[in-house]
**Q** 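Dumping the structure here so I can ask a few things about it.
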Amino acid sequence: MKFDILTLFPEMFKPLSESIIGRATSNKILEINLVNIRDFSKNKHKQVDDTPYGGGAGMLLKPDVVWDAYNSVKSDDSKVIFLTPQGKTLNQSKVEELSKYKHLILLCGHYEGIDQRVIDKINPEEISIGDYVLTGGEIPAMVLVDSVSRYVSGVLKNGSEIEESFSDDGLLEYPQYTKPEEFEGMKVPEVLLSGHHENIAKWRRQEALRVTYNKRKDILEKAKLTKEDKKFLKSLEN
Ligand code: ADE
């Protein structure tokens, strides 16, 4: 999968060369191309922004510069995303949907924003990473690259994207434990040491239900629940 990221601050994307995403780019499973919008300025001072018509604070990215940067990477099968607090909030099902594309172009705003005409012309899907305002779209773009890449075949060890919070059955993940068997007087739950796979699976399911019930009742309504699950949830109410 290829990402083209249009930004004024390519240096901000250094974290993507670390860890799992870094390895996937070295292995050519992912390609992350940083496009510096400033390179498309026609001005000898490399100016990319200007004051808003009608007055007001801050500077806006100029439409022609953004348009040229976009045209330098777009192809027939590209999906274009503009990171903005005005967008629809990113969630796991959107992440999974985006992972099906071969080519994503991510447009990062900075300063006060971007001239509306070039947004209208490009007509990107607008995505926010939450109801708060950041200084630019770079951190949101990294969030999107990281979350989407996890679904790209070969990026994770097989299966690790399946049994986790928010995917598939819509429950949060059950708690996990590793060695030592006792830490600060606290023991690993007995069932996990039993080697009894059926009991372990049942315990994990119930703990996933318990965690979701305690932390995120709001997502329980959309979760895929069996009769057994509902019975267990009922027992938590008392
Ligand atoms: N740019 C600034 N804040 C943002 C947010 N919350 N999501 C996406 N892009 C942004």
Side-chain angles (χ1 to χ4, degrees), residues 1-21 30 32-41 47-54 56-74 78-101 103-152 165-167 215-216 218-219:
M1 176 168 205
K2 182 174 185 190
F3 296 92
D4 276 302
I5 305 177
L6 311 182
T7 172
L8 282 174
F9 299 95
E11 299 280 307
M12 283 182 76
F13 290 87
K14 282 200 181 121
L16 293 180
S17 34
E18 293 289 329
S19 183
I20 295 170
I21 306 302
L30 298 176
I32 301 173
N33 181 40
L34 300 168
V35 178
N36 192 339
I37 296 172
R38 198 171 295 281
D39 292 344
F40 296 84
S41 168
Q47 188 190 353
V48 288
D49 55 353
D50 217 322
T51 53
Y53 280 114
M59 302 287 270
L60 296 178
L61 277 175
K62 291 154 72 67
D64 50 337
V65 178
V66 173
W67 180 240
D68 290 350
Y70 164 72
N71 278 303
S72 77
V73 294
K74 85 155 223 290
S78 2
K79 163 87 177 164
V80 195
I81 292 162
F82 174 37
L83 287 312
T84 163
Q86 295 188 6
K88 277 255 294 276
T89 311
L90 186 64
N91 60 26
Q92 198 66 22
S93 61
K94 175 56 76 176
V95 163
E96 196 170 356
E97 178 196 319
L98 293 176
S99 73
K100 311 265 166 28
Y101 290 91
H103 182 210
L104 293 182
I105 299 175
L106 309 183
L107 173 60
C108 308
H110 222 93
Y111 310 127
E112 292 305 307
I114 302 180
D115 184 291
Q116 187 60 40
R117 290 167 295 180
V118 71
I119 298 171
D120 292 345
K121 180 115 177 119
I122 295 174
N123 191 27
E125 177 164 351
E126 300 193 352
I127 291 182
S128 162
I129 62 160
D131 287 340
Y132 42 82
V133 181
L134 298 164
T135 54
E138 283 76 14
I139 291 172
M142 276 189 269
V143 167
L144 198 139
V145 169
D146 189 284
S147 55
V148 168
S149 297
R150 294 177 67 259
Y151 280 99
V152 175
S165 297
F166 290 120
S167 41
K215 297 184 180 174
R216 292 291 305 272
D218 58 309
I219 65 172

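All ligand and atom numbering here is 1-based and tracks the order in the structure. Keep in mind that what you see is a predicted model, and the values were worked out from it rather than measured.
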**Q** Indicate whether any N or O donor in one side chain lies under 3.5 Å from an N or O acceptor in the other, for Glu97 and Tyr151.
**A**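 Absent: no donor and acceptor within the cut-off.
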**Q** Before signing off on this row, confirm whether Ile129 and ligand 1 have an N or O atom pair separated by under 3.5 Å.
**A**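 Indeed, backbone or side chain, Ile129 has an N or O that close.
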**Q** Using a 4.0 Å cutoff against the non-hydrogen atoms of Gly136, which atoms of ligand 1 qualify?
**A**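 Answer, ordered by atom number: 1 (N), 2 (C).
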**Q** What is the nearest protein non-hydrogen atom to atom 10 (C) of ligand 1, stated with its residue, atom name and distance?
**A**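 Its nearest protein heavy-atom neighbour is Pro85 CD, 3.4 Å.
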**Q** Can you tell me which residue and heavy atom of the protein come closest to atom 6 (N) of ligand 1, and the distance to 0.1 Å?
**A**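 Residue, atom and distance for the closest contact: Tyr132 O, 2.8 Å.
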**Q** Might you point out which heavy atoms bring Val80 and Ile122 nearest each other, and give the distance in Å?
**A**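 Between these two residues, the closest heavy atoms are CG1-CG2, 3.8 Å.
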**Q** Do you know which two heavy atoms are closest between Leu8 and Arg38, and how far apart they sit?
**A**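 Nearest pair, atom of Leu8 first, then Arg38: CD2-N, 3.8 Å.
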**Q** If only atom types and distance count, is the side chain of Ser78 paired as donor or acceptor with the main-chain N or O of Lys74 below 3.5 Å?
**A**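 Checking the backbone N and O of Lys74 against the side chain of Ser78, no donor-acceptor pair under 3.5 Å is found.
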**Q** Is Pro140 close to ligand 1, meaning an N/O of one under 3.5 Å from an N/O of the other?
**A**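 Among all N and O atoms of Pro140, none is under 3.5 Å from an N or O of ligand 1.
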**Q** Which heavy atom of the protein is the closest neighbour of atom 9 (N) of ligand 1, given with residue, atom name and distance?
**A**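 Nearest neighbour among protein heavy atoms for atom 9 (N) of ligand 1, to 0.1 Å: Thr84 N, 3.1 Å.
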**Q** Under 4.0 Å, heavy atoms only, figure out whether ligand 1 is touched by the backbone of Leu134, its side chain, both or neither.
**A**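 Answer for Leu134: both.
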**Q** Give the numbers and elements of all ligand 1 atoms closer than 4.0 Å to a heavy atom of Ile127.
**A**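 In order of number, 8 (C).
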**Q** So that I can tick it off, tell me whether Lys88 and Glu126 are bridged by a salt bridge, with the cut-off set at under 4.0 angstrom between side-chain N and carboxylate O.
**A**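 Salt bridge between Glu126 and Lys88, a charged N being under 4.0 Å from a carboxylate O: no.
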**Q** Count the heavy atoms belonging to other residues, nucleotides or ligands that lie under 6.0 Å from CD of Gln116, then report whether that count exceeds 12.
**A**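 Yes, CD of Gln116 has more than 12 neighbouring heavy atoms, counting only those of other groups under 6.0 Å.
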**Q** Looking only at side chains, do Ser41 and Gln47 share a donor and an acceptor under 3.5 Å apart?
**A**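 Per modelled atom types, Ser41 and Gln47 side chains form no pair under 3.5 Å.
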**Q** Return a yes/no value for Gly130: is any of its N or O atoms, backbone included, closer than 3.5 angstrom to an N or O of ligand 1?
**A**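 Yes, since at least one N or O of Gly130 sits under 3.5 Å from an N or O of ligand 1.
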**Q** Could you see which bit of Asp131 sits under 4.0 Å from ligand 1, with heavy atoms only: side chain, backbone, both or neither?
**A**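 Within the 4.0 Å criterion, Asp131 makes no contact with ligand 1.
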